[in-house]
Trainee: 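Quick one: structure below, then a few questions.
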Amino acid sequence: GNVIIRNAEAEVRAGKAELDFRDNVLRKAVLRGSPATFRQPRTGQRLPTDGRADVLEYDPVGGTLRMLGNARLTD
């Protein structure tokens with residue numbers, strides 16, 4: 001449905017979110033939408049980083065975000 005995830009650093013919007021937790025720690029997040037979107041403020045910058053894709057795969061352990069299908073990034 002209408003998924004919105006916010007934390008101190010970013011906001012993500014998607015149609016569906018699959019979150020994998022182990023020992024109460026987020027290990028992986030897969031967000032699907034048409035599109036799934038994110039916005040993250042940049043330190044010392046006025047404008048944030050915005051991205052969108054059909055699928056966003058977030059790996060908090062590695063600190064990476066994979067954007068799959070119709071991906072677009074504005075930095």
Trainee: Given Leu73 and Thr49, is the side-chain contact (heavy atoms from CB on, under 4.5 Å) satisfied, shown in steps?
Mentor: CA-CA 7 Å; Leu73 181 69; Thr49 297; 3.7 Å; yes
Trainee: Please enumerate all residues that pass side-chain contact (heavy atoms from CB on, under 4.5 Å) together with Val25, with sequence neighbours excluded.
Mentor: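 Residues passing side-chain contact (heavy atoms from CB on, under 4.5 Å) with Val25: Arg27.
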Trainee: I would like to know whether Val55 and Leu31 meet side-chain contact (heavy atoms from CB on, under 4.5 Å); could you show each step before the answer?
Mentor: CA-CA 6 Å; Val55 178; Leu31 304 128; over 6 Å; no
Trainee: Report, one line per pair, each donor and acceptor closer than 3.5 Å where one atom sits in a side chain of residues 1-12; sequence neighbours left out.
Mentor:
{"from": "Arg6", "atom 1": "NE", "to": "Glu11", "atom 2": "OE1", "distance (Å)": "2.7"}
{"from": "Asn7", "atom 1": "OD1", "to": "Glu9", "atom 2": "N", "distance (Å)": "2.7"}
{"from": "Asn7", "atom 1": "OD1", "to": "Ala10", "atom 2": "N", "distance (Å)": "2.7"}
{"from": "Glu11", "atom 1": "OE2", "to": "Arg13", "atom 2": "NE", "distance (Å)": "2.9"}
{"from": "Glu11", "atom 1": "OE2", "to": "Arg13", "atom 2": "NH2", "distance (Å)": "3.2"}

Trainee: State, with a plain yes or no, whether a side-chain heavy atom of Asp59 is found less than 4.5 Å away from one of Lys28.
Mentor: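 No - every pair of side-chain heavy atoms lies 4.5 Å or more apart.
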Trainee: Do you know which two heavy atoms are closest between Ala36 and Ala14, and how far apart they sit?
Mentor: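 Nearest heavy atoms, Ala36 then Ala14: CB-CB, 4.0 Å.
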Trainee: Please set out all donor-acceptor pairs under 3.5 angstrom arising from side-chain atoms of residues 16-23, sequence neighbours excluded.
Mentor:
{"from": "Asp20", "atom 1": "OD2", "to": "Arg22", "atom 2": "NH2", "distance (Å)": "3.0"}

Trainee: What pairs of residues pass the side chain to side chain donor-acceptor pair (under 3.5 Å) test when at least one of them lies in residues 29-44, not counting sequence neighbours?
Mentor: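 Pairs touching residues 29-44 that pass the test: Arg39-Asp50, Arg42-Asp75.
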Trainee: List for me each residue that meets salt bridge (charged side-chain N to carboxylate O under 4.0 Å, His left out) alongside Arg52, sequence neighbours excluded, and say none if there are none.
Mentor: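 Arg52 satisfies salt bridge (charged side-chain N to carboxylate O under 4.0 Å, His left out) with no other residue.
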Trainee: Step by step, would you call Glu57 with Leu68 a side-chain contact (heavy atoms from CB on, under 4.5 Å)?
Mentor: CA-CA 8 Å; Glu57 294 181 352; Leu68 306 166; 3.6 Å; yes
Trainee: According to a hydrophobic-cluster definition based on side-chain heavy atoms being under 4.5 Å apart (Ile, Leu, Val, Met, Phe, Trp, Tyr only), do Met67 and Tyr58 belong together?
Mentor: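 Same cluster.
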Trainee: List in chain and number order the residues that pass side chain to side chain donor-acceptor pair (under 3.5 Å) with Asn70, two or more places apart in sequence or in another chain; answer none if no residue qualifies.
Mentor: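 For Asn70 the side chain to side chain donor-acceptor pair (under 3.5 Å) partners, ignoring immediate neighbours, are Asp54.
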